[in-house]
Colleague: 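First the structure, then my questions, so here it is.
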Amino acid sequence: MTILALPFGNSVAISVLVGSGTCLLANTLLAVWVFREYRAAETARLAMRFYRGEAAKIALILGLFATAIAVIDSLNIPVMLGAYVAVQVIPTLIAAQFGSRNMT
């Protein structure tokens with residue numbers, strides 16, 4: 001995504017990098033947190049880890065966004081947030097499109 005934003009200038013590319021990188025990092029850490037030592041029989045424990053992981057994910061996202069806003073002067077906040085939402089939503093839309101087809 002960042003490479004596609006380069007023709008629009010460095011500030012847009014950096015904003016896309018911050019937004020998409022934050023989303024990728026936060027979701028990766030959530031998956032590692034929730035599914036480490038995964039036990040399918042312990043659903044209550046898994047659910048609690050998921051809720052705690054989501055809370056930690058939100059805190060991480062807010063912290064990374066606040067740090068980026070404070071440190072990077074030329075940050076384009078709407079572009080940063082748009083990149084975050086795009087990285088969060090596009091994989092779900094792709095999975096929904098291909099998930100309804102029979103893959104046999």
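What you are looking at is a predicted structure, and each value in this text was computed from that prediction instead of being measured.
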Colleague: Please report the shortest heavy-atom distance between Ile72 and Ile14, naming the atom on each side.
Modeller: CD1-CG2, 4.0 Å
Colleague: Assigning hydrophobic clusters by single linkage (Ile, Leu, Val, Met, Phe, Trp, Tyr; side-chain heavy-atom cutoff under 4.5 Å), is Ile69 placed with Val12?
Modeller: no
Colleague: Check Phe65 against Val18 and note the closest heavy-atom contact, atom names and distance.
Modeller: CE2-O, 4.4 Å
Colleague: Examine Leu4 and Val16 and state if one hydrophobic cluster contains both, with Ile, Leu, Val, Met, Phe, Trp and Tyr joined whenever side-chain heavy atoms are less than 4.5 Å apart.
Modeller: no
Colleague: Could you give the distance from CG (Leu24) to OH (Tyr84), rounded to the nearest 0.5 Å?
Modeller: 11.0 Å
Colleague: Is it the case that more than 12 heavy atoms not belonging to Leu93 sit under 6.0 Å from its CG atom?
Modeller: yes
Colleague: Rounded to the nearest 0.5 Å, what separation is found between the CG atom of Leu64 and the CE atom of Met80?
Modeller: 10.0 Å
Colleague: When hydrophobic residues are tied together by side-chain contacts of less than 4.5 Å, even through go-betweens, does Val32 share a cluster with Leu60?
Modeller: no
Colleague: Between atom CD of Gln97 and atom OG1 of Thr92, what is the distance when rounded to the nearest 0.5 Å?
Modeller: 12.0 Å
Colleague: Spell out, yes or no, whether Ile61 and Val34 are grouped together once hydrophobic residues are joined by side-chain heavy atoms under 4.5 Å, including indirect joins.
Modeller: no
Colleague: To check you understand the geometry: which heavy-atom pair defines the closest contact between Gly53 and Leu30, and what is its length?
Modeller: C-CD1, 3.3 Å
Colleague: Are Ile77 and Leu17 connected, step by step, through hydrophobic side chains (Ile, Leu, Val, Met, Phe, Trp, Tyr) whose heavy atoms are closer than 4.5 Å?
Modeller: no
Colleague: Which side-chain hydrogen bond (donor to acceptor under 3.5 Å, both in side chains) pairs, counting each pair once, include a residue from residues 4-25, with sequence neighbours left out?
Modeller: none
Colleague: Once rounded to the nearest 0.5 Å, what's the spacing between atom CD1 of Ile90 and atom SG of Cys23?
Modeller: 10.0 Å
Colleague: Tell me which pairs pass side-chain hydrogen bond (donor to acceptor under 3.5 Å, both in side chains) where either residue lies in residues 59-72, with sequence neighbours left out.
Modeller: none
Colleague: Write out all pairs satisfying side-chain hydrogen bond (donor to acceptor under 3.5 Å, both in side chains) with one or both partners inside residues 45-64, taking only residues at least two apart or from two chains.
Modeller: Asn27-Lys57, Glu42-Arg45
